[in-house]
*Asks:* 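Please see the structure below; I have some questions.
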Amino acid sequence: MEPSIENYIKNLVRDAILHLQFRNERQTYVVANWKMNKTIAEATEFFQKLKGRQDVKVVVCPPAPMLYPVQLMIKQIKKPIGLGGQNVHWEEKGAYTGEISTGMLKDVGCEYAIIGHSERRQYFLEDDATINRKVKKAIKAGIIPILCVGETLEEKNLLQTEQVLSRQLFGALKGIDMSQLIIAYEPVWAIGTGQSATADLAEQTHAYIRSVLKQLVGHRAETISILYGGSVNGENAADFRSMPNIDGVLVGGASLNASSFDEIIDVFAKGVPNI
Ligand code: PEP
């Protein structure tokens with residue numbers, strides 16, 4: 001049966017109200033992905049210089065051997081900074097040389113784990129099924145996954161962005177309780193290239209990601225924070241922050257330096273605007 005115009009308008013208005021209501025409730029995050037960078041001495045210097053803020057959730061994801069020392073540094077400077085791993089395994093223990101379990105992450109104070117970063121997909125051949133197992137295990141263990149999705153330049157040029165994102169999201173989130181989940185949209189062509197997506201393009205893509213999440217969890221999709229990642233810096237951060245579907249950023253290069261990371265934190269710490 002065709003929906004009446006009256007019902008169609010009612011649904012549109014209801015969706016707009018839900019969107020505005022949850023937008024103000026969604027957590028804003030500024031997440032640092034240090035990748036394979038920083039010694040203990042460099043991390044110590046970083047935290048000595050970092051100002052940080054109380055009014056935005058900042059999370060730092062150092063390399064695995066640095067998790068424990070970084071946890072101690074965060075405690076010492078008494079700043080509200082969360083700790084995250086850059087990867088996690090789907091099993092709790094066993095013969096998996098080089099891997100890290102959720103129990104180990106929790107033991108050193110991690111609340112978060114980046115899962116499915118494009119560098120893991122590209123260099124370590126992680127596919128959607130593997131990522132699904134990791135996300136499932138993290139949620140079960142009480143670690144909040146920061147699930148990365150994004151298209152390559154080739155896929156973008158072939159106009160396959162939506163198709164790729166839909167496949168990645170359905171694949172990674174199959175059978176998952178999404179109450180504790182963060183999504184990071186990271187177009188591969190924007191990572192480490194200095195060529196960030198425009199805020200308009202990122203907003204359009206985030207709205208698409210939210211529409212896919214809606215297919216998976218209905219209106220609860222409005223409560224899931226979706227971060228943008230890819231060449232974010234102190235200059236372009238404000239453009240991303242002004243967008244209604246962008247709930248923070250995942251930062252690589254610019255998170256390695258305390259003052260450039262502080263610039264980004266300051267932009268997102270001004271609170272969510274009333275729209
Ligand atoms: C990343 O790799 O997660 C990332 C966003 O890197 P960069 O900010 O350097 O583009």
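Indexing begins at 1, ligand by ligand and atom by atom, following the structure's order. Not measured: the values here are computed from a predicted model.
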*Asks:* Considering heavy atoms of the protein only, find what lies nearest to atom 3 (O) of ligand 1 and give residue, atom and distance to 0.1 Å.
*Replies:*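 Here the nearest protein heavy atom works out to Glu186 OE2, 2.8 Å.
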*Asks:* Listed by chain and number, what are the salt bridge (charged side-chain N to carboxylate O under 4.0 Å, His left out) partners of Lys57, not counting sequence neighbours?
*Replies:* none
*Asks:* How close does the nearest protein non-hydrogen atom get to atom 2 (O) of ligand 1, and which residue and atom is it?
*Replies:* Lys35 NZ, 2.5 Å
*Asks:* Listed by chain and number, what are the ring-ring contact (aromatic ring centres under 6.0 Å, His included) partners of Tyr96, not counting sequence neighbours?
*Replies:*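 With sequence neighbours excluded, Tyr96 shows a ring-ring contact (aromatic ring centres under 6.0 Å, His included) to His89, given in chain and number order.
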*Asks:* Side chain, backbone, both or neither: which part of Asn33 comes within less than 4.0 Å of ligand 1 when only heavy atoms are counted?
*Replies:* side chain
*Asks:* If you have a sec, work out which protein heavy atom is nearest atom 9 (O) of ligand 1 and how many Å separate them, to one decimal?
*Replies:* Gly253 N, 2.8 Å
*Asks:* Hey, is Ala190 one of the residues with a heavy atom under 4.0 angstrom from ligand 1?
*Replies:*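 Yes; Ala190 lies near enough to ligand 1 that a heavy-atom distance drops under 4.0 Å.
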*Asks:* May I ask you to identify the nearest protein heavy atom to atom 1 (C) of ligand 1, giving residue, atom name and distance to one decimal place in Å?
*Replies:* His117 NE2, 3.3 Å
*Asks:* So is Ala254 close enough to ligand 1, meaning a heavy atom under 4.0 angstrom away?
*Replies:*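 It does not, in that no heavy atom of Ala254 comes within the 4.0 Å cut-off of ligand 1.
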*Asks:* Is a side-chain donor-acceptor pair under 3.5 Å present for Ser101 with Glu91?
*Replies:* no
*Asks:* Based purely on interatomic distance, does Gly192 place a nitrogen or oxygen under 3.5 Å from a nitrogen or oxygen of ligand 1?
*Replies:* yes
*Asks:* Taking both backbone and side-chain atoms of Gly252, is any N or O found less than 3.5 Å from an N or O belonging to ligand 1?
*Replies:* yes
*Asks:* Judging by distance only, is a nitrogen or oxygen of Ser231 under 3.5 angstrom from one on ligand 1?
*Replies:* yes
*Asks:* Just wondering, are more than 12 heavy atoms of other shown residues or ligands nearer than 6.0 Å to OH in Tyr68?
*Replies:*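 Counting other residues, nucleotides and ligands, OH of Tyr68 stays at 12 neighbours or fewer.
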*Asks:* Side-chain donor-acceptor pair under 3.5 Å between Gln86 and Trp34, yes or no?
*Replies:*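 No, no side-chain donor-acceptor pair sits under 3.5 Å.
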*Asks:* Surrounding CD of Glu235 (heavy atoms of other residues, nucleotides or ligands, distance under 6.0 Å), is the total greater than 12?
*Replies:* no
*Asks:* Does the side chain of Thr130 come under 3.5 Å of the side chain of Asp127 through a donor N or O and an acceptor N or O?
*Replies:*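 Present: a donor and an acceptor within the cut-off.
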